[in-house]
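The analysis underlying the following values was restricted to heavy atoms, covering all of them including side chains, and did not include hydrogens, waters or symmetry mates. Numbering starts at 1 and runs along the sequence shown.
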Amino acid sequence: MSRTRPAPEAPQPLEPLVDAHTHLDACGAADAAGVAAIVDRAAAVGVQRVVTVADDLDAARFAARAAHWDERVFAAVAIHPTRANALDDATRGEIERLAADPRCVAVGETGLDLYWPGKLEGCAEPAEQEEGFRWHIDLAKRLGKPLMIHNRDADDELLRVLHDEGAPETVIFHCFSSGPETARACVDAGYVLSFSGTVSFKNAKALREAAPLVPREQVLVETDAPFLTPHPFRGAPNEAYCLPYTVRALAELRGEDADLLAAATTANAERVYGLP
């Protein structure tokens, strides 16, 4: 992502929509006014609610506060797998407290990331990631909340751990980016697959083959903002208001009506997250 590129123009409205995974703090929000400004821009094009997601402890604290600042915002909290080596007892205790908040609708993002070890200084090693992932799985089950998965280059390993531990009732694969084989395995297991702007990338061949295979009742849509801005704005900063671009691209790929897909994914988000 390059912040030197101008922000995408607002899309034609498409409603109702729920942004199932965004990062309001990384989009620049630092207080209630900043959160409201982002969510107002989203609401103007039909994105009525957002789930802001944590990847470290500071982000988790922010997400919980943001969800109380604005009734259109909900939180998901966890420690990102690349930071799993920071998951000491004190951090676990605070994540558990934040995750128990009624405005927190999921434990995430957690999972496995086998791309960054050895490339990113300080990145948690695979064994540390797996230990942290297993702890988050247990937390989601104890709290009765959905588990939000981050997966990078770890398809088989993730499915193995979920099988070993016994998956929570609801599992969401955030920013699903894998191919048809993994999509079928997730669908068969009853997992929910959330699609981001990557589904509009012409070079995402395996993902674009997988997306039409997922039953509509197992589909969510997200921005993962400020990252993964959909085509033709790839590389520009993303934000929740850009979600209609992704939904229209996904609908075209699946051969569906965009309005019907928007309504279905919103109903799915309400069911999966227990949104009012």
Inset, instruction - Establish, from distance only, whether the side-chain atoms of Asn268 and Thr265 form a donor-acceptor pair under 3.5 Å. - result: no

Inset, instruction - State whether the side chain of Arg208 and the backbone N or O of Thr198 hold a donor-acceptor pair below 3.5 Å, judged by distance alone. - result: no

Inset, instruction - Indicate, with yes or no, if Met148 and Val219 share a hydrophobic cluster defined by side-chain heavy-atom contacts under 4.5 Å among Ile, Leu, Val, Met, Phe, Trp and Tyr. - result: no

Inset, instruction - Identify whether Ile149 and Val192 are in the same connected component of the hydrophobic contact network (ILVMFWY, side-chain heavy atoms under 4.5 Å). - result: no

Legend entry - Salt-bridge contact Glu94-Arg61 (side-chain N to carboxylate O under 4.0 Å): yes

Legend entry - Any donor-acceptor N/O pair, Gln129 side chain to Asp113 backbone, under 3.5 Å: yes

Inset, instruction - Compute whether any side-chain donor of one residue and acceptor of the other, for Asp19 and Thr223, lie under 3.5 angstrom apart. - result: yes

Inset, instruction - May I ask you to test the Arg49-Thr266 pair for a side-chain heavy-atom distance under 4.5 Å? - result: yes

Legend entry - Heavy-atom side-chain contact between Leu243 and Val221 under 4.5 Å: yes

Inset, instruction - Taking atom CD of Glu217 as the centre, report whether more than 12 heavy atoms of other residues, nucleotides or ligands fall under 6.0 Å from it. - result: yes

Legend entry - Side chain proximity check, Val47 to Cys242, heavy atoms < 4.5 angstrom: no

Can you give each donor-acceptor pair under 3.5 Å made by side-chain atoms of residues 115-128, sequence neighbours left out, with the distance rounded to 0.1 Å?
| unit_1 | atom_1 | unit_2 | atom_2 | d |
| --- | --- | --- | --- | --- |
| Lys119 | NZ | Tyr115 | O | 2.7 |
| Glu128 | OE1 | Glu125 | N | 2.8 |

Legend entry - Test item: Thr22 side-chain N/O and Ala240 main-chain N/O as donor-acceptor pair under 3.5 Å: no

Inset, instruction - Would you mind reporting whether Leu162 and Tyr191 have side-chain heavy atoms less than 4.5 Å apart? - result: yes

Inset, instruction - Decide if atom CG of Asp89 counts as having more than 12 heavy atoms of other residues, nucleotides or ligands within a radius under 6.0 Å. - result: no

Legend entry - Ser194 side chain to His174 backbone, donor-acceptor under 3.5 Å: no

Legend entry - Close side-chain approach of Pro244 and Leu17, heavy atoms under 4.5 Å: yes

Inset, instruction - Give, for atom CG of Leu159 and atom SG of Cys186, the distance between the pair rounded to the nearest 0.5 Å. - result: 5.5 Å

Inset, instruction - Before accepting this row, confirm whether a basic side-chain N of the pair Lys205/Glu209 lies closer than 4.0 Å to the acidic partner's carboxylate O. - result: yes

Legend entry - Pairwise distance CZ(Arg254) to CG(Leu213) - rounded to 0.5 angstrom: 9.0 Å

Inset, instruction - Answer with yes or no whether the side chains of Ser178 and Asp155 bring together a donor and an acceptor at under 3.5 Å. - result: yes

Inset, instruction - Would you check if the distance from the ring center of Tyr273 to the ring center of Phe74 is below 6.0 Å? - result: no

Legend entry - Reported CG-to-CD distance for the pair Leu250 and Glu256, which is rounded to 0.5 angstrom: 7.0 Å

Inset, instruction - On the 0 to 90° scale, with breaks at 30° and 60°, tag the Tyr245-Phe233 ring pair as parallel, tilted or perpendicular. - result: tilted

Inset, instruction - Taking the side chain as every heavy atom from C-beta outward, state whether Arg92 and Leu87 have any atom pair closer than 4.5 Å. - result: yes

Legend entry - Residue pairs fulfilling ring-ring contact (aromatic ring centres under 6.0 Å, His included) with at least one residue in residues 126-159, sequence neighbours excluded: His80-His150

Contacts under 3.5 angstrom, residues 165-173 side chains, donor-acceptor by atom type, not counting sequence neighbours:
| unit_1 | atom_1 | unit_2 | atom_2 | d |
| --- | --- | --- | --- | --- |
| Glu165 | OE2 | Arg134 | NH1 | 2.5 |

Inset, instruction - May I ask you to check whether over 12 heavy atoms, not counting those of Glu270, lie within 6.0 Å of atom CD? - result: yes

